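Worksheet: the structure to be examined is printed underneath.
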Protein chains: 2
Amino acid sequence: MDAIDSFDRKLLDLLRHDARQTGRQLAEAVGLSPAACLRRVQRLREIGAIEREVAIISPQVAGQTVKLLVMLVIPPGKPDRIDRLRRKFAALAQVTTIYHVTGKADLVLTVECASMEAYANFTEVHFYSEDIASFETIVVLRSYDAHPEPAPKA
Amino acid sequence: MDAIDSFDRKLLDLLRHDARQTGRQLAEAVGLSPAACLRRVQRLREIGAIEREVAIISPQVAGQTVKLLVMLVIPPGKPDRIDRLRRKFAALAQVTTIYHVTGKADLVLTVECASMEAYANFTEVHFYSEDIASFETIVVLRSYDAHPEPAPKA
DNA sequence: AATGAAATTAAGTAGCT
DNA sequence: AGCTACTTAATTTCATT
C-alpha cells in the first residue's frame with residue numbers, strides 16, 4: 001500500500017529542492033504524464049512520505065541575524081525531564097531545532113536571535129534555572145544548507 | 001522598494017509552516033483579497049524574502065535513519081581552507097547542514113546516514129585526511145523542528 | 001492497478017476602476 | 001487594494017494496457 005518505487009523517489013528528490021514545480025515540469029523530469037505525477041505526489045503526501053511543504057524565509061527578513069548552537073547539560077532527574085524541556089524550548093520563537101543527543105551534552109539547540117544582546121537576554125531567562133546544569137554556546141559564523149544530489153547511498 | 005509590512009510578515013509566517021496554501025486561504029487568514037495576497041507572495045519571492053519552497057521528506061523514506069552532529073577541527077592553514085572543505089562537504093549526500101563556527105571546533109556538520117556502519121565508512125573516507133585535525137561525533141537520539149508562532153521578538 | 005488523454009474544476013495572473 | 005476576466009495548473013473521469 002505504501003511502497004515507494006523509483007518514480008516516487010525521483011519525485012521526492014525533485015520536490016525536496018523545489019516544491020513549486022508544476023505537473024508538467026515533473027512529468028518532463030521523470031518521464032510520466034503530468035496527471036500521473038500529480039497523482040503520485042498526492043499519494044506521497046497522504047502516506048506521509050512528504051511530511052509538509054514549507055517556504056524558506058530569508059533570515060535577514062525574519063529578523064534573526066545571529067545563529068548559535070547551544071549544548072545543554074541537564075541535571076539527572078526524572079526520566080521525562082528532558083522531554084519536558086524539549087517541549088518548553090520548542091515553543092520559543094528563537095529556537096529553530098532541538099536535538100536530543102548522546103555525549104557530554106543532553107540537548108543541542110539551534111537558536112536564532114535578532115542580536116547578540118537578544119541572545120544574552122535569552123540565556124538569562126531560559127538557561128539560568130534549576131533545569132539546566134550548564135550550557136555552552138557556539139557562535140555560527142555562517143551556515144550552509146547542503147543540497148544532496150540523487151544520493152549515492154552510503 | 002523592498003519594504004516588508006505587517007501583511008507581508010503574516011504571509012511569511014503562514015507560508016513558513018505550510019507553503020501550499022491557496023490565495024483564498026491566505027486571504028482568509030490575513031484579511032486581504034486572494035489576488036492581493038498572491039501578488040504579495042510573488043513579490044516576496046522576487047525580492048528574496050522567500051528564498052525557496054521545499055518539500056520535507058520523511059527521514060525514514062529518505063533512507064537516512066541515523067543523524068549525527070560532527071564537530072570538526074581544521075588545522076591552521078591557508079585562509080580559504082575552511083571554505084574549500086565547506087564546499088566539499090556540501091556536495092556529499094549525507095551532509096545536510098554545515099555550520100562555520102567559533103570555538104574549539106571550526107566546522108559543525110549535521111550528517112544523516114542509513115546506518116551507523118554507513119557513518120563509520122563515511123568518517124573513514126572523509127575525516128581521516130590531512131585536512132581534518134580531529135573530529136568529535138555526537139549521536140542524535142531524536143530531533144525536533146521548532147515551529148515558532150508569530151514570534152515574540154527578543 | 002496504474003497510465004495517459006480529455007474534460008472539469010480550481011487556482012494563479014493581469015488589466016482595469 | 002479590490003474586482004473581474006484571462007490563463008494556467010490541478011483534479012477527476014474514463015477508456016486503455
Side-chain angles (χ1 to χ4, degrees), chain A residues 1-63 145 147-151 153, chain B residues 1-63 145 147-151 153:
Chain A
M1 211 73 119
D2 55 344
I4 308 280
D5 68 13
S6 69
F7 284 114
D8 292 324
R9 294 216 163 275
K10 233 171 186 170
L11 289 169
L12 291 173
D13 216 65
L14 289 164
L15 295 173
R16 206 230 271 275
H17 298 288
D18 178 7
R20 270 188 68 74
Q21 295 175 85
T22 66
R24 198 177 295 184
Q25 289 174 291
L26 295 173
E28 180 79 15
V30 307
L32 284 175
S33 71
C37 287
L38 292 174
R39 267 194 296 256
R40 279 165 177 270
V41 171
Q42 202 165 330
R43 193 186 72 101
L44 290 169
R45 281 196 271 257
E46 278 162 13
I47 66 174
I50 296 174
E51 293 184 348
R52 57 207 177 97
E53 282 147 278
V54 301
I56 308 291
I57 309 304
S58 148
Q60 284 76 27
V61 172
D145 276 332
H147 301 304
E149 282 308 293
K153 276 286 145 47
Chain B
M1 211 72 121
D2 55 345
I4 307 279
D5 69 13
S6 69
F7 285 114
D8 292 324
R9 295 216 161 272
K10 233 170 186 173
L11 289 170
L12 291 173
D13 214 65
L14 289 164
L15 296 173
R16 203 231 265 284
H17 294 103
D18 178 7
R20 269 188 68 73
Q21 294 175 87
T22 66
R24 200 175 295 185
Q25 291 174 290
L26 295 172
E28 179 79 16
V30 306
L32 285 175
S33 71
C37 288
L38 292 173
R39 265 196 297 258
R40 279 165 179 271
V41 171
Q42 201 167 332
R43 192 185 73 100
L44 290 169
R45 279 196 272 259
E46 279 162 11
I47 66 176
I50 296 175
E51 294 183 348
R52 57 206 176 97
E53 282 146 278
V54 301
I56 308 291
I57 309 305
S58 148
Q60 283 76 27
V61 172
D145 277 331
H147 301 306
E149 282 308 291
K153 275 286 144 46

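Here the structure is a predicted model, which means the values were calculated and not measured. Note on naming: letters A, B, ... go to the chains in the order of the sequence lines (proteins, then strands), and numbering restarts at 1 for each one.
- The CG atom of B:Asp145 sits 5.5 Å away from atom CZ of A:Arg52, with the distance rounded to the nearest 0.5 Å.
- Considering only the side chain of B:Thr22, C:dA11 comes nearest among C:dA11, D:dA9, D:dT11.
- Closest approach to the B:Leu38 side chain among D:dA1, C:dG12, C:dT3 is made by C:dG12 (side chain taken as heavy atoms from C-beta onward).
- In this structure, B:Arg20 does not reach the C:dA11 phosphate: none of its side-chain N or O atoms is under 4.0 Å from OP1 or OP2.
- The line from CD1 of A:Ile50 to CZ of A:Arg43 is 10.5 Å long, rounded to the nearest 0.5 Å.
- Between atom CD1 of residue A:Ile47 and atom CG of residue A:Asp8 there is a gap of 7.0 Å, rounded to the nearest 0.5 Å.
- One atom, CG of B:Leu32, and another, P of D:dA1, lie 6 Å apart when rounded to the nearest Å.
- Going from atom CG of A:Leu44 over to atom SG of A:Cys37 covers 10.5 Å, rounded to the nearest 0.5 Å.
- In this structure, the side-chain hydrogen bond (donor to acceptor under 3.5 Å, both in side chains) partners of B:Gln25, at least two apart in sequence or on a different chain, are B:Thr22.
- Residue whose closest nucleotide on DNA chain D sits further toward the 5' end, between B:Cys37 and A:Arg45: B:Cys37.
- Following rounding to the nearest Å, A:Gln21 (CD) and C:dG12 (P) show an atom-to-atom distance of 17 Å.
- Remark: B:Gln42 is in phosphate contact with C:dT13, judged by side-chain N or O atoms under 4.0 Å from OP1 or OP2.
- One interatomic measurement links the two molecules: CD of A:Glu46 to P of D:dT11, which rounds to 10 Å at whole-angstrom precision.
- Computed from coordinates, the A:Leu26 CG to D:dT8 C1' distance equals 15 Å when rounded to whole Å.
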Can you check nucleotides 13-17 of chain D for protein contacts, nitrogen or oxygen pairs under 3.5 Å, and list what you find?
from: D:dT13; atom 1: O4; to: A:Arg39; atom 2: NH1; distance (Å): 3.4

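- In this structure a side-chain-to-backbone donor-acceptor pair under 3.5 Å is present from B:Arg9 to A:Val61.
- Contact annotation: A:Arg24 side-chain N/O to D:dA9 OP1/OP2 distance is under 4.0 Å.
- In this structure, the CG atom of B:Leu44 is 15 Å from the P atom of C:dG12, given to the nearest Å.
- Between atom CG of residue B:Leu15 and atom CG of residue B:Leu26 there is a gap of 5.5 Å, rounded to the nearest 0.5 Å.
- Distance, A:Gln25 CD to D:dT8 P: 14 Å, rounded to whole Å.
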